[in-house]
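Have a look at the structure below before the remarks.
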Number of protein chains: 2
Amino acid sequence: MESVLTEAVALLDEAGAPALTFRALAQRLGGGVASIYWYVASKDELLDRATDHVIGMMLADIEELPGSDDPIDDLRAMALKLFDAIVDRPWLGAYFMRNTGTQGNSLRLYERLGQQTLRLDLTALQRFHAVSAIVGVVVGSAVDLGQEPPQEVLDGAVDRDEFLGRYAQTWRELDPEKFPFVHNIVDEFDGHDDVDQFRSALELTLTGLRLQAEA
Amino acid sequence: MESVLTEAVALLDEAGAPALTFRALAQRLGGGVASIYWYVASKDELLDRATDHVIGMMLADIEELPGSDDPIDDLRAMALKLFDAIVDRPWLGAYFMRNTGTQGNSLRLYERLGQQTLRLDLTALQRFHAVSAIVGVVVGSAVDLGQEPPQEVLDGAVDRDEFLGRYAQTWRELDPEKFPFVHNIVDEFDGHDDVDQFRSALELTLTGLRLQAEA
DNA sequence: ACCTGAACACCGTTCAAGT
DNA sequence: ACCTGAACACCGTTCAAGT
């Protein structure tokens, strides 16, 4: 069972979600296709368990964080750790936090984030919404990451900066009258860093949260 | 071509992403499977174009909004319209704003959101990040919506409140020592409204943004 | 308890051929 | 320019059968 999940995650890491096939997995495990059905009932369950498996590792990372006297600083540190893990595993974007409700490591992670809000002067409803918002920021960025590489970049035929630059160029050729915003930000888009984008989005949410807690 | 997209969207609306099949689509169009390949080069392109098609309708909705003297109020109104549209089409969650960079209605929508930030006292970088953050909140909530209905609810065998209540019950049975946060918010989770959750997440981001613009 | 081979139904995609 | 039937390679899943 353990090795089924390990190899499933390895396949996902190596070539993304489409690479995780019962046949490919069986071959790696040196067995038949149908054997896997003894461990999981369906591909959905395989994906769920594989995701839960890596969330378990993320959870271990997060529990090692030092912690501070500011719960919002701690939330930021935790969210950044999550983001880092998703950068390393873009396929997670599609499955991360899919089943918070169901038992397992997703729930433990959810709890861990939520515990920081217990240290803030908020109502229970505000806490529930705050954690949803933070998870939402992470998932929103994760989805972005999950579908960014457009095959040419994966092939190494063209690097990310060149790819962004190409898009930026088509933006610069748009009518400035009709696309004033795109023209305003195109230089920022060109060569931008995903982690900066994530940090900013997170910061807006955390600022709003801090204000709410101090009100 | 137009009818290909219309029927594709109809299939997606009726039974979600798995229902959109070249064979199902061909049958609806009263033709052969291979015919569709004269209009689109692949299923990915079909999905992209179908998504762009509905984003075009969302864009029309958004352009009808009255507009106010407060750009942040306008951003909130636009984001809520987007959320409403995604509630009606949960399958959008997986594809919404997947290709902002590429031409089409996604880019126009992106521009439209961004134009509101031009009315705020921000740097170009802050504007770029602000719009990403808002889109992120929408996408984050959209993904949540896209995977919520767990077949029993779709079948109508059990309604949403009952489904949430069942989860809430398993949460209440967890050890309160290990899951203090979950216990703190379980009553809020039970029977919660998705739109409230979205509004709160959006509000935190918009509050942060307003503060940034006034700094 | 754990594994297997072989089949089934379904899928996206291609291609040579038609009008 | 537009459509077709038939095939190909691949997929998740099942099942009767083995150890």
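Labels below follow one simple rule: chain letters A, B, ... track the order of the sequence lines, proteins then strands, and each chain is numbered from 1.
Here Tyr39(A) reaches the OP1 or OP2 of dC3(C): one of its side-chain N or O atoms lies under 4.0 Å away.
You'll find the side chain of Leu20(B) reaches within 4.5 Å of the side chain of Leu46(B), heavy atoms only. Looking only at side-chain heavy atoms (C-beta outward), Leu204(A) and Leu204(B) stay at 4.5 Å or farther from each other. Residues Leu82(A) and Phe96(A) meet the side-chain proximity criterion, which asks for heavy atoms closer than 4.5 Å.
Along DNA chain C, the nucleotide nearest Trp38(A) and the nucleotide nearest Ala34(A) are compared for position; the residue whose nucleotide lies closer to the 5' end is Trp38(A). A residue-by-residue look at Gly32(B) and Ala41(A) shows that Gly32(B) has its nearest nucleotide of DNA chain D further toward the 5' end.
Within residues 2-14 of chain B, no residue is approached by DNA chain C to less than 4.0 Å at the level of any non-hydrogen atom.
Note on ring orientation: taking the six-membered ring where Trp is involved, the planes of Tyr110(A) and Phe181(B) are perpendicular (angle over 60°, cut-offs 30° and 60°). Taking the six-membered ring where tryptophan is involved, the planes of Tyr167(B) and Phe163(B) are perpendicular, since the angle between them exceeds 60° and thus also 30°.
Remark: Glu203(B) does not engage Arg199(B) in a salt bridge, criterion side-chain N to carboxylate O under 4.0 Å.
The salt bridge (Lys or Arg N to Asp or Glu O under 4.0 Å) pairs that include a residue from residues 176-192 of chain A are Arg172(A)-Asp187(A), Arg172(A)-Asp190(A), where partners are two or more places apart or lie in different chains.
Although no hydrogens or angles enter the test, the distance criterion places no donor-acceptor pair under 3.5 Å between the side chain of Arg127(B) and the main chain of Ile185(A). Side chain of Glu111(B) to main chain of Val182(A): a donor-acceptor pair is present (N/O by atom type, distance under 3.5 Å, no hydrogens or angles). A donor-acceptor contact shorter than 3.5 Å links the side chain of His192(A) to the backbone of Phe189(A).
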Report all interatomic pairs (protein N or O, nucleotide N or O of nucleotides 9-12 of chain C) with separations under 3.5 Å.
{"unit_1": "dC11(C)", "atom_1": "OP1", "unit_2": "Thr21(B)", "atom_2": "OG1", "d": "3.3"}
{"unit_1": "dG12(C)", "atom_1": "OP1", "unit_2": "Lys43(B)", "atom_2": "NZ", "d": "2.8"}
{"unit_1": "dG12(C)", "atom_1": "OP2", "unit_2": "Phe22(B)", "atom_2": "N", "d": "3.1"}
{"unit_1": "dG12(C)", "atom_1": "N7", "unit_2": "Arg23(B)", "atom_2": "NH1", "d": "2.7"}
{"unit_1": "dG12(C)", "atom_1": "O6", "unit_2": "Arg23(B)", "atom_2": "NH2", "d": "2.7"}

With the criterion being N/O to N/O and under 3.5 Å, what pairs connect the protein with nucleotides 16-19 of chain D, and how long is each?
none

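A distance of about 13 Å separates the C1' atoms of dC2(C) and dA17(D), rounded to the whole Å.
In Lys43(A), the NZ atom is crowded: over 12 heavy atoms of neighbouring residues, nucleotides or ligands sit closer than 6.0 Å. Residue-environment remark: CD (Glu63(A)) exceeds the threshold of 12 foreign heavy atoms within 6.0 Å.
Distance CD1 (Ile36(A)) to P (dG5(C)): 13 Å, rounded to an integer number of Å.
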### Query
Given pairs defined as Watson-Crick or G-U wobble with both distances under 3.5 Å, what dot-bracket annotation applies to DNA chain C, with ( ) intrastrand, [ ] crossing, | other strand and . unpaired?
||.|||||...|||||.||
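Asn105(A) is linked by a side-chain contact (heavy atoms from CB on, under 4.5 Å) to Asp52(A), Ile55(A), Leu59(A), Arg108(A), counting only residues two or more places apart in sequence or in another chain.
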